[in-house]
Amino acid sequence: MTVTTETSTDYAALIARLSLEEKVELLTGETAFTLPGHGGIGLAPLAFSDGPTGVRGLKFIGGDAVALFPNATLVSGAWDDDVARQVGEMLSEEARRQGIHVVLGPTINLHRTPLGGRLFEAYSEDPYLTGRTAVHYVKGLQGSGTAACLKHLVANESEELRNFMDSRLSEEALREVYLLPFEMAVDDAEAWSMMAAYNDVNGVPATEQDEVQNQIVKGEWGWEGLIMSDWFATKRTAESANGGLDLVMPGPDGPWGAHLVAAVRDGRVAESIVDEHLTRLLRLADRTGGLDTGAGHRTFDEVLPAPDSDIRAEQLKRIAARGMVVVKNDAGTLPLGETVTAETLAVIGRHALETQDMGGGSAQVNAPYYATIAEGVRAVYGDGAIVLDGPGVRRRPLDLDPAAATHPGTGEPGVEITLEDADGRVLKQYTSGVGMLTVGFDDDFEGKPARVTLRTRYAHDGGPADLGVVGTARWSVTYTDPAGHERAVDVDQEVAGMDPGEGVLFPPAMKRTVELAADSVVTAVADLYDIDWAGRLLPRTELNLAPESHLLTMGGGGKLALSLAPTEPDANELIAAAAEAARAAGTAVVVVGLTEEDETEAADKTTLALPGRQDDLVRAVAAAAARTVVVVNAATPVLMPWLDDVDAVLIAGLPGQEGGHAIAAVLTGELEPTGRLVTTYPAADGAAPAWNTTPGEDLGLEYADGVAIGYRGYDASAELEPLFWLGHGLGYGSWEYDDVALAGAAGPLAVDVQVRNTSARDSRETVQVYYRPADATQPVRLAGYQGVQVAAGADATVRVECDARLFRRWDAQANTWAELNGGELIVARGLGDVRGRVELG
Ligand code: BGC
């Protein structure tokens with residue numbers, strides 16, 4: 001493999017000017033998302049931002065408004081290099097607009113079990129589709145000098161006990177499946193950084209993985225980029241420094257600093273290793289304009305599209321639609337024809353009104369607006385369009401609607417937030433547009449907060465309302481009841497599990513219905529816990545922690561939120577009203593889905609069933625309406641017990657800030673939903689090649705499905721029959737395939753296929769080629785794909801090149817790759833719809 005180094009800067013000469021202490025200081029972040037610079041060697045303080053569906057900026061919660069992109073499965077769902085590249089280019093613009101050097105994405109872990117909470121951030125169950133999407137996303141980002149960060153290295157496919165669990169997988173699965181996307185993004189796009197995961201891999205923490213980081217990634221692949229830790233993931237000083245980790249995040253404290261200086265002094269870590277890490281850091285800075293090699297630092301002074309600009313709206317709407325997947329469409333129900341009007345269409349469901357635009361956790365951004373499906377439909381059909389609420393979908397408190405909150409003193413919109421230290425000294429007071437914040441992580445003030453007070457006037461007619469608080473603290477919430485009495489709700493909330501990150505990402509929460517006076521002032525006082533994580537976790541030797549482990553520094557704090565919302569309407573009444581409206585209208589679009597409670601970092605799902613009474617809603621509407629379309633507003637598989645009762649199903653993903661407009665455009669046919677599934681949909685809970693995400697008592701999670709991930713496992717199994725295969729997707733065209741043949745002998749293996757668009761509209765087809773090796777112990781695998789836009793009634797010959805990396809297997813005994821030969825190439829629209837085969841000699 002060849003690696004290019006685009007600059008000739010003499011990093012060694014710069015490093016030679018630093019003392020050991022200075023070097024080490026540069027190898028841990030300075031704040032949550034920045035690095036310390038060093039004027040003496042021309043190093044700017046680099047800025048990092050999550051990623052991957054928007055560039056959030058340096059604040060975890062409540063930062064500036066930035067563009068919210070369609071989620072990862074919509075990007076990969078387009079099966080289109082251009083879409084992935086455009087997303088990368090746009091993200092680079094978002095990053096440059098904010099002076100960010102490194103975007104913490106793409107997430108290229110795989111959809112191993114459909115219960116994984118974080119799959120919405122990742123591309124697919126298939127390593128090749130994931131790798132190829134990543135390659136083009138990275139090229140788009142880095143083409144304008146913004147570094148990508150491939151995450152999370154490696155085998156980080158679920159969230160439960162993620163800091164401590166041990167992913168146990170064979171060398172074959174590691175190489176052929178889980179490392180393949182990283183390998184592709186290194187070989188084909190030369191990604192400039194990676195992030196080492198929280199979990200252990202075969203007994204060794206990912207941050208200490210000499211085999212993965214040093215031997216494979218940096219050694220065999222010859223990669224020159226930088227590996228940073230996931231946030232607070234580094235467990236031991238010398239083991240991580242020697243194991244190939246280059247940078248500890250976040251800062252300013254951590255397991256390197258003085259510990260690493262001491263480790264060098266007493267010979268546990270060679271100083272040359274520190275120099276090697278620093279070389280990679282300087283190279284990253286150099287590549288992203290953060291190293292002054294004579295011409296100054298990059299100044300980030302371009303004029304770039306605003307997050308709420310028309311150009312962004314057009315791009316985000318178009319890209320969202322590209323990844324949406326029509327999985328059922330009887331009798332051409334979609335797109336809704338001319339006969340469907342505001343009077344003959346009923347749009348129904350909580351997700352129609354509260355469209356889920358993104359998943360939960362570090363991928364969240366603060367968008368300038370969130371277009372709901374209700375807004376999108378009204379923009380097309382007029383304000384008279386019928387949109388009805390559906391039953392509730394959440395178990396946890398809803399975010400406070402900023403439009404209903406005003407500062408009790410000044411009357412300006414928002415919530416007054418006051419942070420005090422243990423002596424009652426005010427550390428910070430401000431008015432926030434959102435009723436939430438994080439403390440103890442990305443603080444932008446001096447001192448240690450002990451108490452946080454959130455105070456707001458809640459616009460309400462008086463009567464019952466749902467009051468909630470989120471966060472690890474002793475809470476006391478006061479409000480006025482309709483009789484004018486002061487009331488208080490006191491609640492003690494501690495993190496439930498043993499993950500110090502839980503307080504930030506999935507904190508404890510409560511909600512209850514209270515009687516509120518009209519426009520009551522509500523004051524929530526949170527007395528923060530100071531959690532002694534070292535005392536709790538260090539005695540548990542099986543956790544593989546050391547006293548210096550970064551996690552142990554996290555303390556209490558995390559996310560804190562006050563929630564006020566109207567009480568939930570009665571579900572039976574909503575369902576009855578929906579059925580009646582559907583019957584009267586004739587055509588019903590029912591929008592169902594998951595929320596950020598289900599699709600989130602830091603927690604896995606336990607079922608694929610839709611939350612609440614949504615299945616009942618679909619059944620009632622389908623029984624009443626002449627035609628029923630279901631829109632699934634979720635990124636990952638859900639169960640569809642009503643599938644036979646409905647006419648069409650559209651998987652709409654988590655479509656970003658333009659989501660409502662994109663879905664409306666797809667329903668009407670203004671845009672074609674050209675997506676193909678990126679993950680196989682199980683027919684029932686548990687009916688998948690991999691399911692459980694709970695590690696065993698010894699914290700091990702066996703990757704027992706080996707190299708037969710996802711569709712490969714369904715294909716190999718006599719019992720498992722999926723609901724929909726990876727690659728399935730109908731679009732709005734209809735296709736005939738002909739003349740499937742091997743392409744000319746020279747170059748990589750390729751297949752020529754003639755496709756005819758037999759429909760009356762122009763459409764896009766994605767031709768997929770799978771390889772089934774002659775060796776029956778080797779699973780079938782996606783080996784190539786190519787999209788093509790074809791006019792109505794026309795045909796096109798498509799050449800699909802196969803990737804040689806899918807025609808090899810890892811020979812663990814010989815510790816090398818072995819070629820796979822013979823077998824057949826299968827041309828299919830997902831393995832449930834095979835259109836041609838070619839025997840290989
Ligand atoms: C996530 C990373 C993310 C980091 C910084 C961690 O919790 O696992 O993906 O980049 O936080 O926010």
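One-based numbering, in listed order, for ligands and for the atoms of each.
Aromatic ring pairs are classed by plane angle as parallel below 30°, tilted from 30° to 60° and perpendicular above 60°; the pair F33 and F441 is perpendicular. By the 30° and 60° cut-offs, the orientation of the rings of Y178 relative to Y703 is perpendicular.
Atom CD of E157 sits about 6.5 Å away from atom CD1 of I709, to the nearest 0.5 Å. Between atom CH2 of residue W691 and atom CZ of residue R112 there is a gap of 12.5 Å, rounded to the nearest 0.5 Å.
For the pair R396 and F506, the distance from NZ or CZ to the six-membered ring centre is under 6.0 Å and the angle to the ring normal is within 45 degrees.
Interface atoms of ligand 1 facing R162, defined by a heavy-atom separation under 4.0 Å, are 7 (O), 8 (O). Counting atoms of ligand 1 from 1 in the listed order, those under 4.0 Å from a heavy atom of L104 are 10 (O). Proximity to M195 (heavy-atom distance under 4.0 Å) selects the following atoms of ligand 1: 2 (C), 10 (O). In summary, the atoms of ligand 1 found under 4.0 Å from a heavy atom of K151, numbered by their order in the structure, are 2 (C), 3 (C), 9 (O), 10 (O). Close contacts of ligand 1 with H152, meaning ligand atoms under 4.0 Å from a residue heavy atom, involve 2 (C), 8 (O), 9 (O).
Two residues are said to be in side-chain contact when any heavy atoms from C-beta on lie closer than 4.5 Å; Q356 and D598 fail this criterion. The side-chain heavy atoms of M228 and L104, taken from C-beta on, include a pair separated by under 4.5 Å.
Residue Y198 places a heavy atom less than 4.0 Å from ligand 1. In this structure, F48 has no heavy atom closer than 4.0 Å to ligand 1.
Nearest-residue assignment for atom 6 (C) of ligand 1 (options D230, V504, N109; heavy-atom criterion): D230.
For atom 12 (O) of ligand 1, the nearest non-hydrogen atom of the protein is D50 OD2, 2.4 Å.
Residue contacts with ligand 1, taken as heavy atom pairs separated by less than 4.0 Å, involve R118 solely via side-chain atoms from C-beta onward.
Considering backbone and side-chain N/O atoms, E601 comes within less than 3.5 Å of an N/O atom of ligand 1.
Between R97 and D64 there is no salt bridge, since none of the side-chain N atoms of the basic residue sits less than 4.0 Å from a carboxylate O of the acidic one.
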